[in-house]
Amino acid sequence: MDIFEIDGPVKLSGTIEVAGSKNAALPMMAASLLAAGETVIPNAPNLADIHSFESLLSQLGARVSRDANGALHIDATTIDNPVGEYDIVRKMRASICILGPLLARCGKVKVSMPGGCAIGDRPVDIHLRGLKALGARIRLENGYIVAEAPPGGLVGAQIFLGGPFGSTVLGTDNVMMAATLAKGATVIESAACEPEVADLAHCLNAMGAKISGIGSPRLVIEGVNELKPVSWTVIGDRIEAGTFMVAAAITKSRLRLRNCDLNHMVAVVDRLRSIGAVIEPTEDGCEAAQYGAICPADITTQPYPGFPTDLQAQLMALLALGEGNSVITEKIYPDRFMHVAEMNRMAANLRKEGPSVIVAGVERLIAAPVMASDLRASAALVLAGLAAYGTTVVHRVYHIDRGYEKIEEKLNAVGAKIRRVDV
Ligand code: EPU
């Protein structure tokens, strides 16, 4: 099992190429199931989660390959086993988004019910409610969700997709994909507005779907008879970009990021600027720098366009070195605070109070052995390690490999000192 040894503190400088978005690529891979023929995703990131999804698609009957340029090819002409097995779904919850496309394409699908994970319960009730509204019959059988379309196929409907924590990203993806092939019009109210959902909707339209209201909480989908495969380049990963912006800020350095769109990061840029970071747009991304003190700030995670939960842990690492007290409140996953105890092992002063963490800034973080618990928490520990005095050892880096492509190589290329060691 790999660990990272991170020497700090370091100064960074140079340019980092941000990868294609994981959370845009995964639903796009599911969307390939809607069309017979070959879908191509030229910039699908090379990550553990994407590899798991490739295995899932192969199990369903699709043919999946990467070409010499790294583009992902998915030939979904034959889907002869519409079953999402427990072994894959338990590793990667995004597998749930095969539900909508397979229901629409095959009329029947069976997917293991995902369990909880390190960041909380993560139910799928809203996904199922939306698919039922389109006429699907759904039952739970031996831990599997079994969904069947009515004999004449799915039928468009008016659907409310809001839940106790706002909209649902993969739930909106699932219902939107199913509705593209339903009879008549579907209106999704309280749809997720995340750029990854909008990217999927644009991709579906390129495939022949008729979706309007893209990027808004009200999506209108006119069902069509069939979709055709396309080649679709996914958006840059705003969460990876945000992680590298924090890398610049926490090391009081300056980095140039390519392939990111600041229009997708307005809340993040707003908070980073209030902390004292300088974020300037460039032609293909931005420059991120921190010259002076890290100012305290209050942050509340919210559905898009609010501050993303996927950057909460990283900002906590930064504010741990703030000159004063900050409050970070988690409104999407109230239990997503596994990193708090680990950062305190590095001499941070963090105190959890219900869904909030009071961050009392300290002058220095001090290296320690720490344990990664989930993808974004591990990224935060790596960031803390860049600024901490001594050699931080991050265990279980497989969590980070799920969502960051060669993070240690990217950071080392701009001055970090991170060793991957197989222990
Ligand atoms: N929720 C329900 N019922 C549902 C679905 C969701 O109550 O049926 C709740 C969730 O428990 C949560 C909130 O609604 O409290 C929002 O969850 P959402 O469904 O939007 O999350 P998701 O679609 O399962 C995606 C990302 C996550 C990201 C969240 C929130 C992918 C593959 N995953 O998950 O990304 O945190 O949206 O933005 O797109 C990550 O990349 O590290 C990651 C966890």
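Atoms within a ligand are numbered from 1 in the order they appear, just like the ligands themselves.
- If you take CZ on R271 and CD1 on I328, they are separated by 11.0 Å, rounding to the nearest 0.5 Å.
- Residue contact annotation: K22 has a non-hydrogen atom under 4.0 Å from ligand 1.
- Between the choices E330, R376, R402, the shortest heavy-atom distance to atom 42 (O) of ligand 1 belongs to R376.
- With 3.5 Å as the limit, one finds a donor-acceptor pair spanning the side chains of H127 and N174.
- In this structure a side-chain-to-backbone donor-acceptor pair under 3.5 Å is present from D298 to V327.
- Looking from atom 34 (O) of ligand 1 to the surrounding protein, the closest heavy atom is R122 NH2, 3.2 Å.
- The V124 neighbourhood of ligand 1 comprises atoms 4 (C), 8 (O), with distances under 4.0 Å to a heavy atom of that residue.
- When non-hydrogen atoms are compared, ligand 1 lies under 4.0 Å from the side chain of T309 (C-beta onward) but not from its backbone.
- In summary, the atoms of ligand 1 found under 4.0 Å from a heavy atom of L375, numbered by their order in the structure, are 42 (O).
- By the criterion of a heavy-atom distance under 4.0 Å, neither the backbone nor the side chain of E196 is placed next to ligand 1.
- Remark: side-chain polar atoms of R66 are paired, donor with acceptor, to backbone N or O of G70 under 3.5 angstrom.
- Among all protein heavy atoms, the one lying closest to atom 3 (N) of ligand 1 is D125 OD1, 2.7 Å.
- In this structure, K352 forms no cation-pi arrangement with F337, as its terminal cationic atom is not both closer than 6.0 Å to the ring centre and no more than 45° off the ring axis.
- Scanning D335, I239, N23 for the heavy atom closest to atom 33 (N) of ligand 1 points to N23.
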| Y304 and R238: CA distance, side-chain angles, deciding distance, side chain to side chain donor-acceptor pair (under 3.5 Å) verdict | CA-CA 12 Å; Y304 190 84; R238 66 191 166 106; over 6 Å; no
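- For atom 17 (O) of ligand 1, the closest non-hydrogen atom of the protein is Y333 OH, 3.5 Å.
- Under 3.5 Å, the side chains of D75 and T77 contain a donor-acceptor pair of N or O atoms.
- Electrostatic pairing of D310 and R336 counts as a salt bridge here, judged by a charged N lying under 4.0 Å from a carboxylate O.
- Protein heavy atom in closest approach to atom 19 (O) of ligand 1: T168 OG1, 2.6 Å.
- Of all the atoms in ligand 1, the ones that sit under 4.0 Å from a non-hydrogen atom of V169 are 18 (P), 19 (O), 20 (O), 23 (O), 25 (C), 37 (O).
- With a 4.0 Å cut-off on non-hydrogen atoms, Y304 does not touch ligand 1 at all.
- For the ligand labelled ligand 1, residue R336 lies inside the 4.0 Å heavy-atom shell.
- Comment: E353 engages R351 in a salt bridge, judged by a side-chain N to carboxylate O separation of less than 4.0 angstrom.
- Taking each heavy atom of K91 and D87 in turn, the nearest pair found is CE-O, 3.5 Å.
- Nearest to atom 27 (C) of ligand 1 by heavy atom, out of L161, D237, D310, is D310.
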| message | What verdict does the side chain to side chain contact (heavy atoms under 4.5 Å, CB included) test give for I145 and L140, after you've listed the backbone C-alpha separation in whole Å, the side-chain angles of each residue and the deciding distance to 0.1 Å? | response | CA-CA 5 Å; I145 299 160; L140 195 63; 4.1 Å; yes
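- Against a heavy-atom cut-off of under 4.0 Å, I126 is close to the following atoms of ligand 1: 2 (C), 3 (N), 4 (C), 8 (O).
- Atoms of ligand 1 lying under 4.0 Å from at least one heavy atom of F165, given by number and element, are 13 (C), 15 (O).
- Counting only distance, with no hydrogens or angles, the side chain of T392 and the backbone of A367 share no donor-acceptor pair below 3.5 Å.
- For atom 6 (C) of ligand 1, the closest heavy atom belonging to the protein is P123 O, 3.7 Å.
- With a heavy-atom cut-off of 4.0 Å, I332 touches ligand 1 through backbone and side chain alike.
- Nearest heavy atom pair, residue L12 against residue G415, reads CD2-C, 3.8 Å.
- On a distance-only criterion, L170 and ligand 1 share at least one N/O pair closer than 3.5 Å.
- Under the 4.0 angstrom criterion for non-hydrogen atoms, R93 is not in contact with ligand 1.
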